[in-house]
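Here is how names work: the chains are called A, B, and so on, in the same order as the sequence lines, proteins then strands, and each is numbered from 1.
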Number of protein chains: 2
Amino acid sequence: MATGRTHRPATRSRGIPEATVARLPLYLRALTALSERSVPTVSSEELAAAAGVNSAKLRKDFSYLGSYGTRGVGYDVEYLVYQISRELGLTQDWPVVIVGIGNLGAALANYGGFASRGFRVAALIDADPAMTGKPVAGIAVQHTDELEKIITDNGVSIGVIATPAGAAQQVCDRLVAAGVTSILNFAPTVLSVPDGVDVRKVDLSIELQILAFHEQRKAGEETGAPEEGESAQAAAQDTVPGAAAVAQTPLAPHRAASGAGKDNGRQGPDGDVPAVMPA
Amino acid sequence: MATGRTHRPATRSRGIPEATVARLPLYLRALTALSERSVPTVSSEELAAAAGVNSAKLRKDFSYLGSYGTRGVGYDVEYLVYQISRELGLTQDWPVVIVGIGNLGAALANYGGFASRGFRVAALIDADPAMTGKPVAGIAVQHTDELEKIITDNGVSIGVIATPAGAAQQVCDRLVAAGVTSILNFAPTVLSVPDGVDVRKVDLSIELQILAFHEQRKAGEETGAPEEGESAQAAAQDTVPGAAAVAQTPLAPHRAASGAGKDNGRQGPDGDVPAVMPA
DNA sequence: GTGTGTGAAGCCTTTCACAGCC
DNA sequence: GGCTGTGAAAGGCTTCACACAC
């Protein structure tokens with residue numbers, strides 16, 4: 001590795017840390033809310049509170065984008081909205097396909113936040129012939145056979161996989177072969193993709209398990225041995241007093257996926273292909 | 001801060017890094033798959049590939065749990081499954097309530113991975129009287145009025161919020177007041193919670209925006225100025241050759257939430273209360 | 001020989017604290 | 001006086017590389 005990033009003239013550097021990128025959408029949402037309330041400017045302290053981070057972090061984050069604030073005053077809301085949108089690439093239109101129109105796929109298709117952020121559902125795709133033609137969220141579901149054509153015709157570069165785990169790798173391969181270079185994966189599988197393809201993973205089961213871990217710890221503390229409980233628990237507390245222990249959408253290590261793609265044809269535990277993203 | 005963690009006799013230390021905790025479910029899933037194929041032992045290299053991480057990280061992670069491997073051989077699959085399950089608190093039963101039975105709530109209710117990991121859907125709750133009594137995933141939906149009673153009667157400590165953003169904070173407050181201490185939030189809002197309550201956030205819109213950011217960068221590189229593109233892109237590549245740039249469920253800073261709970265009554269952009277988790 | 005367990009090094013992220021500009 | 005922008009310090013996570021156990 002020995003990546004670049006080392007020194008770089010601060011001139012609007014291309015080198016925004018992943019952790020910062022992951023928080024930009026948070027700021028953007030808070031700013032959008034302010035914008036709708038016609039708030040003209042906001043301080044780092046206020047915005048940070050609205051976004052659920054601390055102000056030092058926010059200022060540092062913004063410093064990677066440039067100097068968009070005014071000392072002694074704060075940030076211009078509209079201007080920041082624009083700058084962050086541009087940085088995130090939301091000023092352009094991103095056609096998206098959703099593959100796997102089960103309960104989850106339907107939920108995603110109905111998700112209002114799509115359109116408002118530059119994303120457009122270009123197509124819904126499902127392998128079940130019975131689904132073909134059925135309208136979901138006002139869009140007729142298309143059969144998997146059409147996948148390649150849909151991707152090409154619409155110039156889709158972002159795909160969402162909401163299929164059962166057993167189908168995910170195969171769908172992924174087809175998406176990638178057809179030209180998709182970013183994938184949001186809801187199936188509980190490790191996808192292996194070629195170089196240059198981004199995959200992000202959302203996994204309900206994992207989130208719950210992490211919660212259970214902390215929950216268990218709490219229970220253990222109040223009951224049996226208080227021991228030296230400080231570690232995880234105590235580290236909480238941030239800017240605001242009345243709030244703690246919240247893990248916001250965390251940062252993204254941006255690391256490589258596994259291979260071992262072989263046994264991906266296998267299904268997880270549970271019955272065969274439960275309604276939505278089996279474990 | 002100056003947290004503990006400093007030195008600690010390696011005796012099954014209480015101080016597993018958050019990043020490690022976030023990966024345990026990944027290992028557990030891979031191990032479960034191996035277990036079903038009756039694979040008796042596995043090396044760090046193999047398991048790491050199956051889980052989509054590199055082997056050094058995996059070994060380091062396991063070292064926080066204890067020395068469960070055998071040098072020159074590997075790890076006993078069944079034993080590891082048990083140890084990780086125990087560590088995550090999955091050997092006990094966790095009753096869970098899901099609040100907000102729209103498209104997403106229904107998807108979650110139908111999610112097969114619940115039961116198989118020690119989680120049990122104790123109740124489905126929705127504010128719409130028309131939903132009350134309707135069976136979803138074999139469970140009759142109950143009205144929000146019953147929320148407190150349900151929590152208490154079932155000893156629920158984990159709640160899932162799948163309501164529109166406008167309702168999330170209020171639901172959260174009621175859950176917490178009734179005794180819930182861990183919340184998985186699908187609504188695109190910053191929840192403010194009292195000390196000692198864990199919140200994890202899953203947000204589709206944010207994930208897509210992060211993808212768009214990288215996607216935009218790719219486009220910029222191949223088209224206009226190749227500049228000094230290496231930064232983000234190059235940092236990819238891990239263990240396996242044929243795979244890169246995957247951001248697996250990232251680590252969790254485990255930080256405090258915002259206040260500013262005031263304007264949470266406000267709705268996001270988009271129409272009013274779209275089907276599922278509006279932006 | 002093989003593969004784990006782990007100190008040490010390196011990198012990234014967060015936090016601090018204050019100079020500088022309005 | 002207030003608030004941003006940012007070096008510097010601190011902390012945490014990942015990677016390296018090798019001793020050690022089987």
Side-chain angles (χ1 to χ4, degrees), chain A residues 1-8 10 12-13 15-23 41-48 53-76 79-80 231-232 235-239 248 250-256, chain B residues 1-10 13 15-23 41-49 53-76 79-80 231-232 234-239 248 250-256:
Chain A
M1 277 175 208
T3 328
R5 176 80 39 78
T6 335
H7 40 68
R8 188 70 55 79
R12 198 163 66 80
S13 93
I16 303 177
E18 266 302 307
T20 295
V21 172
R23 279 187 297 266
T41 59
V42 66
S43 70
S44 63
E45 203 71 56
E46 294 165 332
L47 184 54
V53 303
N54 72 43
S55 61
K57 200 185 291 187
L58 178 143
R59 286 201 302 280
K60 188 60 128 184
D61 283 343
F62 285 179
S63 79
Y64 294 116
L65 308 184
S67 292
Y68 296 149
T70 308
R71 294 173 195 227
V73 179
Y75 300 91
D76 181 278
Y79 187 56
L80 249 192
S231 49
Q237 203 62 276
D238 209 344
T239 309
Q248 294 295 1
L251 85 110
H254 203 73
R255 276 269 145 275
Chain B
M1 273 178 209
T3 329
R5 174 83 38 81
T6 335
H7 41 67
R8 189 71 55 78
S13 96
I16 303 177
E18 265 301 307
T20 295
V21 172
R23 281 188 296 267
T41 60
V42 65
S43 71
S44 63
E45 203 71 55
E46 293 166 331
L47 183 53
V53 303
N54 72 43
S55 61
K57 200 185 289 186
L58 179 142
R59 286 201 302 279
K60 187 61 122 184
D61 284 342
F62 285 179
S63 78
Y64 294 116
L65 308 183
S67 291
Y68 296 149
T70 308
R71 297 178 192 221
V73 178
Y75 300 91
D76 181 278
Y79 187 57
L80 248 192
S231 51
Q237 203 62 276
D238 210 343
T239 309
Q248 294 294 2
L251 85 110
H254 204 71
R255 276 268 145 275

Exercise for the section: Flag the pair A:Thr70 / A:Thr41 as yes when at least one side-chain heavy-atom distance between them is below 4.5 Å, and no otherwise. Expected result: no
Practice task
Return the minimal non-hydrogen interatomic distance between A:Asn54 and A:Lys57, and the atom names on each side.
Solution key: OD1-N, 2.9 Å
Fill in the blank from the handout: Here the distance between atom P of D:dG5 and atom CD of A:Glu45, to the nearest Å, is 14 Å
Problem - Distance (rounded to the nearest 0.5 Å) between A:Arg23 CZ and A:Lys60 NZ - result: 11.5 Å
Problem - Whole-Å gap separating C1' (D:dT6) and CG (A:Asp61) - result: 13 Å
Exercise for the section: Check the distance between C:dG7's C1' and B:Tyr64's OH and give it to me in whole angstrom. Expected result: 11 Å
Practice task
Give, for atom CG of A:Leu58 and atom CG of A:Leu47, the distance between the pair rounded to the nearest 0.5 Å.
Solution key: 5.0 Å
Handout entry: d(CZ, B:Arg59; P, D:dC20) in whole Å
Key = 16 Å
Handout entry: Interatomic distance where CZ belongs to B:Arg23 and P belongs to D:dC13 [whole Å]
Key = 9 Å
Exercise for the section: Go through D:dC13, D:dT4, D:dT15 for me and flag the one nearest to the A:Ser43 side chain. Expected result: D:dT4
Practice task
Write down the atom of A:Phe62, the atom of A:Leu80, and the distance for their closest heavy-atom approach.
Solution key: CE1-CD1, 3.3 Å
Practice task
Between D:dC16, C:dT14, D:dC13, spot the one nearest the side chain of B:Ala56, thanks.
Solution key: D:dC16
Handout entry: Protein-nucleotide distance (A:Leu65, atom CG; D:dT4, atom P), rounded to Å
Key = 15 Å
Handout entry: is_close_aromatic(A:Tyr75, A:Tyr68), centroid dist under 6.0 Å
Key = no
Fill in the blank from the handout: Among the nucleotides C:dG3, C:dG5, D:dG5, whichever has the atom closest to the side chain of A:Ser67 is D:dG5
Handout entry: Sugar-phosphate only, base, or nothing, as touched by B:Tyr75 at under 4.0 Å among non-hydrogen atoms
Key = sugar-phosphate
Fill in the blank from the handout: Terminal axes of the helix from C:dG1-D:dC22 to C:dC22-D:dG1 (5 end pairs apiece), angle rounded to 10 degrees, sit apart by 0°
Exercise for the section: Check whether any side-chain nitrogen or oxygen of A:Asn54 sits under 4.0 Å from OP1 or OP2 of C:dT14, and answer yes or no. Expected result: no
Between N or O atoms, less than 3.5 Å apart, protein on one side and nucleotides 19-22 of chain C on the other: list the pairs.
| from | atom 1 | to | atom 2 | distance (Å) |
| --- | --- | --- | --- | --- |
| C:dG20 | N3 | A:Arg71 | NH1 | 3.3 |
| C:dC22 | O4' | A:Arg71 | O | 3.4 |

Handout entry: Listed nucleotide nearest any side-chain atom of B:Ser63, set C:dT6, C:dT14, D:dC13
Key = C:dT6
Could you list the protein-to-nucleotides 7-9 of chain D atom pairs, N/O on both sides, closer than 3.5 Å?
| from | atom 1 | to | atom 2 | distance (Å) |
| --- | --- | --- | --- | --- |
| D:dG7 | N7 | A:Lys60 | NZ | 3.3 |

Practice task
Quickly work out the A:Leu58 CG to D:dC3 P distance and round it to whole Å.
Solution key: 14 Å
Practice task
Rounded to the nearest angstrom, tell me the gap between atom CG in A:Leu47 and atom C1' in D:dT4.
Solution key: 13 Å
Practice task
Starting at OH of B:Tyr64, measure out to OG1 of B:Thr20 and round the result to the nearest 0.5 Å.
Solution key: 5.5 Å
Exercise for the section: Please test B:Arg59 against B:Ser55 for side-chain contact (heavy atoms from CB on, under 4.5 Å), starting from the C-alpha separation and ending with a verdict. Expected result: CA-CA 6 Å; B:Arg59 286 201 302 279; B:Ser55 61; 3.7 Å; yes
